[in-house]
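Below is one structure, written out as structure tokens; comments come after it.
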Amino acid sequence: MDIQKQIEILSKGTVDVLPENGLKEKLEKSQKENKPLRVKLGIDASGPDIHLGFAIPLRKLRAFQDFGHKAVLIFGDFTGKIGDPTGKNKTRPQLTDDEVKKNLENYKDQVFRILKENMTEIRLNGEWSDALKPTDIVNLTSKFTVARMLERDYFFERYKSGVPISIHEFLYPLFQAYDSVAVKADIELGGTDQKFNLLLGREIQEAYGVEPQIIMTMPLLEGLDGTRKMSKSYGNYIAITESPKEMFGKTMSIPDGLILKYMTLATNMSAEEVKRAEESLKAGDNPRNMKVLLAKKIISLYHSDILAEEAEAEFNRIFKEKGLPDEIEEKSLDKSREYKLTALLKELNLVESSSEASRLIKQGGVKINQKAVTDFNFSYKPESGDILQVGKKKFVKII
RNA sequence: GGAGAGAUUCCCGAGCGGUCAAAGGGGACAGACUGUAAAUCUGUUGGCUGAUGUCUUCGAAGGUUCAAAUCCUUCUCUCUCCA
């Protein structure tokens with residue numbers, strides 16, 4: 001395929017491609033030398049789930065693979081240990097080697113739902129970072145200045161408002177940049193929040209005599225709350241491994257204003273399809289219908305069309321018709337005795353404490369066989385097939 | 001090294017000897033409404049207890065007091081300014 005066309009496809013949906021002509025040069029060089037480009041993407045080693053937000057650069061990475069390039073995934077076991085770059089008060093717990101290994105296995109499984117395994121190189125950055133000696137580290141830190149580090153909005157804000165910044169946090173971008181040196185990245189992908197770090201990668205590469213990478217940033221996807229970016233720590237995400245049912249429900253809970261953005265960023269929908277959705281929204285079509293479409297597209301991407309249809313039916317049954325879900329967790333109880341309902345709900349993990357249970361009962365949030373329980377002193381005698389329900393989402397079937 | 005300020009429940013933040021399980025906001029949860037949401041309204045938001053009640057909580061450890069989130073001592077951590 002000719003290069004102009006490739007550029008068009010690869011830069012689709014990106015915010016920045018820097019420097020401007022760089023992508024073209026890299027692609028031309030790659031073609032001329034018949035050598036695939038090394039396209040880098042970093043993954044944080046701490047958490048277990050890949051979500052739709054992170055899937056955006058991952059899918060971009062896949063697009064590069066489709067043109068024959070190499071995906072270089074950097075698994076941040078070392079940078080993960082440096083600490084918590086989100087500046088929360090709790091220091092991120094040090095990951096043990098076992099945890100790192102476990103998370104890695106877990107990630108592989110998820111990543112290869114999107115990437116081609118045979119064109120992917122997974123590297124742990126501890127491999128080279130752990131080997132750096134103090135002199136090497138001092139040398140690395142000498143390549144950049146405090147003033148410039150403080151320019152980064154994220155540090156600037158905190159500095160201005162008196163939120164602590166530890167010295168080690170300054171190291172984080174430096175080590176990430178050094179990764180680019182170590183793997184000789186031609187291109188690095190990331191969210192727009194990574195722009196600073198990615199650009200730093202270019203400078204550090206140059207300082208180490210490596211050809212600087214092109215950086216490509218992609219929009220951040222807002223999470224389910226509609227305001228903050230989708231992230232593990234906010235718990236507002238849809239993981240790509242989630243069940244169709246969960247994906248559907250979560251998608252339906254996003255604010256209307258995000259429908260088109262999700263369609264563009266989180267699905268395979270073409271520009272025309274998105275356009276069509278936009279028009280029918282403008283024409284006054286119920287946004288709910290567009291969300292259903294969106295939810296099904298997401299499920300099709302990570303599961304299948306059939307499961308998408310099923311998820312929709314299930315969702316309608318529970319929420320539209322206020323019925324019961326298809327599959328309910330089953331628990332067996334001793335039918336010969338009576339249970340104190342509050343204690344039982346706690347035992348079944350439907351609530352966290354019996355106080356919470358009595359609160360919910362008072363509020364009419366606890367139902368047995370779809371009938372609200374009002375007496376928080378209720379003594380319950382189980383029968384096979386009974387359905388206990390807490391709120392709208394939690395169900396247990398007694399067997 | 002010196003001088004100040006501060007650490008409160010999930011988060012932000014008020015409280016500055018009893019009326020404090022601790023105002024207010026955010027978030028979360030539940031109910032109503034709905035298009036599933038959002039917005040709005042109502043309620044809840046430490047544990048145990050049928051309830052009156054009781055136990056544990058205000059950075060940590062000690063102390064003063066009939067009584068401490070509030071006073072004192074030491075410690076830990078953070079911020080600001082000066083060097």
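All chains are named by letter (A, B, ...) in the order of the sequence lines, taking the proteins before the strands, and each is independently numbered beginning at 1.
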*Do A:L294 and A:I254 have side chains that get closer than 4.5 Å, going by heavy atoms?*
yes
*Nearest whole angstrom, please: distance from the P of B:G35 to the CZ of A:R288.*
10 Å
*asked:* Tell me the interatomic distance from A:Q389, atom CD, to B:A30, atom P, rounded to whole angstroms.
replied: 10 Å
*Span that lies between the P atom of B:U73 and that of B:G25, in whole angstrom*: 36 Å
*For B:A60, which nucleotide in any strand shown is its Watson-Crick or wobble partner with both distances under 3.5 Å?*
B:U74
*Give the rounded distance in Å between these two atoms: CG of A:L350 and P of B:C29.*
15 Å
_Rounded to whole Å, please give me the gap between CG in A:N286 and C1' in B:G35._
4 Å
*asked:* How many whole angstroms separate atom NZ of A:K362 from atom P of B:G31?
replied: 16 Å
*Mind checking whether A:Y237 and A:H51 have parallel, tilted or perpendicular rings, split at 30° and 60°?*
tilted
*B:G18 and B:C72: how far apart are their P atoms, nearest whole angstrom?*
15 Å
*If we only count heavy atoms from C-beta on, is the A:N316 to A:E312 side-chain gap below 4.5 Å?*
yes
*Mate of B:C10 where both pairing distances stay under 3.5 Å, Watson-Crick or G-U*: B:G26
*Determine whether A:L23 and A:M216 make a side-chain contact, defined as any pair of heavy atoms from C-beta on separated by less than 4.5 Å.*
yes
*Grab the CD-C1' distance between A:E312 and B:G35 for me, whole Å please.*
14 Å
*Rounded to the nearest 0.5 Å, how far does CG of A:D66 lie from CZ of A:R62?*
4.5 Å
*Sugar-phosphate atoms are those with a prime plus P, OP1 and OP2; base atoms are the rest. Using that split, label each nucleotide of nucleotides 46-53 of chain B B, S or - for protein heavy atoms under 4.0 Å, 5' to 3'.*
-SBSS---
*Are side-chain heavy atoms of A:F54 and A:I240 found at a separation under 4.5 Å?*
no
*What integer number of Å spans the P atoms of B:A21 and B:A69?*
9 Å
*Any strand: nucleotide that pairs with B:U40 via Watson-Crick or wobble, under 3.5 Å*: B:A32
_Nearest-angstrom distance from the residue atom CG of A:L224 to P of B:A28_ = 11 Å
*Can you tell me, in whole Å, how much space there is between the P of B:U9 and that of B:G46?*
13 Å
*asked:* Check the orientation of A:Y208 and A:Y178. Use parallel for under 30°, tilted for 30 to 60°, and perpendicular for over 60°.
replied: perpendicular
*C1' atom, B:A61 versus B:U76: distance in rounded Å?*
10 Å
_Pair assignment for B:C79, Watson-Crick or G-U wobble, requiring both distances under 3.5 Å_ = B:G4
*Taking the side chain as every heavy atom from C-beta outward, state whether A:K5 and A:E8 have any pair of such atoms under 4.5 Å apart.*
yes
*Of A:V373, A:L360, A:V366, which is the lone residue that meets side-chain contact (heavy atoms from CB on, under 4.5 Å) with A:L345?*
A:V366
*Taking the same atom, P, in B:C75 and in B:G1, what whole-Å distance lies between them?*
13 Å
_Atom C1', compared across B:U19 and B:C10: separation rounded to whole Å_ = 28 Å
*Does A:V390 or A:I165 map to a spot on RNA chain B nearer the 5' end, using the closest nucleotide for each?*
A:V390
_Suppose you measure atom P in B:C16 against the same atom in B:A22; what distance do you get, rounded to whole Å?_
16 Å
*asked:* Could you identify the nucleotide paired to B:C20, looking across every strand shown and requiring Watson-Crick or G-U wobble geometry with both distances under 3.5 Å?
replied: none
Using a cut-off of under 3.5 Å, enumerate the N/O to N/O pairs linking the protein to nucleotides 37-39 of chain B.
residue : atom : partner : partner atom : Å
B:A37   : O2'  : A:S253  : O            : 3.0
B:A37   : N1   : A:D256  : OD2          : 3.3

*Please tell me if the side chains of A:D256 and A:R288 come closer than 4.5 Å, counting only heavy atoms from C-beta onward.*
no
